[in-house]
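Only a predicted model underlies this, so the values are computations on that prediction, with no experimental measurement involved. Throughout, a chain's letter reflects where its sequence line sits, starting with A, and its residues are numbered from 1.
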Protein chains: 2
Amino acid sequence: MKVGIIGTGDISHEFIDAAKHVKQLQVIGVTQRNLEKAQFFADQYQLEIATDNLGDLLQSVDIIYCGLPNSLHYEIAKQVITQKKHIIIEKPITSNTKELKHLIELSKEHDVLIFEASRVSTLPHFKLIEELLEDEQDEIFININFCKQSRKYFAYLAGQNPNTFTTKYSGGALYDLGVYGVHFAVALLGKPQQIHFSAYKLNTGTDGFSSLILEYPKGLVTINSSKMTHGDSNFTIQGLKKKIVSHFSVSTIDSFEVIENHETSTINNQNQENMVYYLEELYRIISTQDIKTYEKQLSNSLIVQEILEAARKQVGIVFKND
Amino acid sequence: MKVGIIGTGDISHEFIDAAKHVKQLQVIGVTQRNLEKAQFFADQYQLEIATDNLGDLLQSVDIIYCGLPNSLHYEIAKQVITQKKHIIIEKPITSNTKELKHLIELSKEHDVLIFEASRVSTLPHFKLIEELLEDEQDEIFININFCKQSRKYFAYLAGQNPNTFTTKYSGGALYDLGVYGVHFAVALLGKPQQIHFSAYKLNTGTDGFSSLILEYPKGLVTINSSKMTHGDSNFTIQGLKKKIVSHFSVSTIDSFEVIENHETSTINNQNQENMVYYLEELYRIISTQDIKTYEKQLSNSLIVQEILEAARKQVGIVFKND
């Protein structure tokens with residue numbers, strides 16, 4: 001399957017490094033407004049195509065990976081879908097539910113698939129956690145932290161208005177980091193019955209740090225995210241019988257501990273780079289036409305998007321795309 | 001100064017162990033409805049007085065320590081205060097603000113002092129943290145966890161209706177454990193401008209676990225507490241320049257780490273049992289008539305009480321005392 005990449009940011013490098021490990025995927029080209037940058041990127045990875053014209057790239061590939069800033073996902077996806085190519089879009093898939101619903105409609109019309117690059121539920125460690133919780137059946141209390149001071153925060157302080165902290169690019173802590181926690185919760189517990197969001201807002205109108213609570217009939221999930229303060233990324237799942245603790249973020253779950261009856265087991269079974277699991281699963285879904293799994297993933301993306309948008313509304317974060 | 005104890009529960013044992021280390025305080029007696037239990041307790045610590053009559057004990061002491069269940073604090077305190085004796089009351093000081101305001105009024109009328117046994121702000125480690133944050137001056141994000149499955153949860157599951165999970169005794173996770181986090185936040189940052197509370201409620205009407213968010217003009221404090229699931233007790237203070245992490249609860253802060261410029265310092269300076277610091281400070285306030293500090297403490301107790309009550313109201317937890 002031939003893959004084309006849109007954008008040459010850090011995340012595109014990560015994608016290409018992961019794709020190398022999935023032999024069924026061949027990244028063959030890249031597009032970016034600045035042709036020199038596209039060429040430089042293509043040279044690094046010996047890609048056939050480097051272009052400043054998305055149309056040219058689309059002709060030669062089966063699927064597009066889009067790692068551009070959040071607010072640009074929608075317009076690009078429309079172009080890709082109407083040209084009848086599948087698309088993988090970085091998290092969060094769109095800036096709001098209206099955009100996502102429109103993309104879903106368009107994709108059905110043009111008979112292509114859209115994927116949100118949310119690897120959480122495809123990680124072996126996530127699946128182990130799901131199994132471990134099967135016998136809990138009862139009340140559950142999940143606390144997720146995804147807090148990391150961004151280099152860009154200093155650019156913000158210097159008045160340089162970096163994309164990641166602007167409403168123009170649908171940025172902020174919730175959309176950049178909290179989104180991983182929301183995906184984790186939704187994959188595990190589905191749609192919450194109630195949410196609450198508290199945020200410290202920057203003068204750009206986005207959240208520098210924030211706390212999101214998802215309420216379920218038999219549980220609570222709290223998600224603390226920050227891009228401006230010095231924090232940790234980890235999570236704890238509290239059950240009635242056991243406790244699961246990871247000192248890694250929900251986005252990778254590199255390892256975790258299970259504490260039950262005063263005994264601790266450390267689980268460390270992921271032997272490949274975490275994005276590789278996602279790409280293998282994505283290829284499996286496309287090649288076997290596993291529509292059931294595809295629709296489940298997309299339905300989760302929609303729930304995540306509804307949560308993010310509802311959260312924003314509670315504190316008055318308005319994006320340019322709204 | 002002669003001290004009398006009301007109640008012979010676990011917490012009374014803890015109090016007496018701490019009081020032994022403060023030479024100015026002599027615990028001389030105990031009262032409890034069951035005279036045999038009072039005598040058994042008195043014998044263990046060679047106390048002069050063991051009685052089932054509070055009045056008898058009051059005649060012989062300067063100050064009373066009350067470690068009874070939360071809902072009983074108010075009625076006992078009224079008796080003690082009107083007999084012109086000082087009183088130390090366990091956290092939370094009362095079940096609601098109405099009770100506390102009345103006690104404050106009564107105490108002025110009878111010229112005695114009332115103290116909430118909230119040791120947090122008297123701990124040397126708390127004072128060090130306050131100093132460390134002085135140069136932060138800026139935005140702050142605090143995450144507090146106080147989660148511990150209670151032995152009593154199994155009594156609850158067995159239908160035995162233990163005090164700690166009932167509205168009759170003003171119980172639940174917020175009032176038993178979250179209260180420490182609220183005291184920590186209020187001592188550090190004062191009165192929040194907004195709060196939000198989400199809770200998983202047991203069929204007794206109290207919270208088995210819950211999340212409280214305190215919103216400040218330049219920060220957020222999140223407090224997760226649980227008495228029914230397997231969790232951890234720790235806290236993180238995220239600043240713009242540094243991070244403070246403790247693997248101990250805010251109630252004791254046995255040690256903590258400061259991470260700044262990629263360097264970690266471990267602070268472990270508390271060389272006596274944490275309740276001893278509180279009792280030394282309490283004796284200092286009384287003996288030096290340090291009314292300024294006394295009033296600051298009481299004002300914080302009132303803010304804490306207002307937060308707890310407002311939180312309860314948001315999720316419909318109603319106590320018998322209300």
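By the 6.0 Å contact criterion, CD on A/Gln193 is enclosed, its count of non-hydrogen atoms from other residues, nucleotides or ligands being greater than 12. Residue-environment remark: NZ (B/Lys127) exceeds the threshold of 12 foreign heavy atoms within 6.0 Å. More than 12 heavy atoms of other shown residues, nucleotides or ligands fall within 6.0 angstrom of atom NZ in A/Lys201. Around the CD atom of B/Gln160, the shell of radius 6.0 Å holds more than 12 heavy atoms that belong to other residues, nucleotides or ligands. In B/Lys296, the NZ atom is not crowded: 12 or fewer heavy atoms of neighbouring residues, nucleotides or ligands sit closer than 6.0 Å. Atom NZ of B/Lys148 sits in a sparse spot, with 12 or fewer heavy atoms from other residues, nucleotides or ligands closer than 6.0 Å. No more than 12 heavy atoms of other residues, nucleotides or ligands shown are found within 6.0 angstrom of NZ on B/Lys191.
Side-chain contact between B/Ile213 and A/His196 is present, with heavy atoms from C-beta onward closer than 4.5 Å. Residues A/Thr222 and B/Thr222 form no side-chain contact, since every pair of their non-hydrogen atoms from C-beta on lies 4.5 Å or further apart. Between B/Phe209 and A/Gln238, the closest side-chain pair of non-hydrogen atoms is not below 4.5 Å.
Looking at every heavy atom in both residues, A/Leu240 comes nearest to B/Met228 through CD2-O, 3.4 Å. When all heavy atoms of A/Tyr200 and B/Lys218 are compared, the closest pair comes out as CE1-CA, 3.9 Å. Here the closest heavy-atom approach between residue A/Ser226 and residue B/Phe141 is recorded as CB-CD2, 4.0 Å.
Contacts of B/Ile259 with chain A are absent, with no heavy-atom separation under 4.5 Å from either backbone or side chain. At a 4.5 Å heavy-atom cutoff, the contact between B/Tyr153 and chain A is made by side-chain atoms alone. With a 4.5 Å cut-off on non-hydrogen atoms, A/Thr236 touches chain B through its side chain but not through its backbone. Proximity to chain A (any heavy atom under 4.5 Å) is restricted, for B/Lys241, to the backbone atoms N, CA, C and O. When heavy atoms are compared at a cutoff of 4.5 Å, B/Asp138 does not approach chain A at all.
Separating the CD1 atom in A/Ile195 from the OG atom in B/Ser198 is a distance of 10.0 Å, to the nearest 0.5 Å. To the nearest 0.5 Å, the span separating OG1 on A/Thr229 from CG on B/Leu220 amounts to 9.5 Å. In this structure, NZ on B/Lys243 lies 10.5 Å from CD on A/Gln149, to the nearest 0.5 angstrom.
When the candidates A/Gly208, A/Ser210, A/Pro217 are compared by the number of heavy-atom contacts under 4.5 Å with chain B, A/Ser210 comes out ahead.
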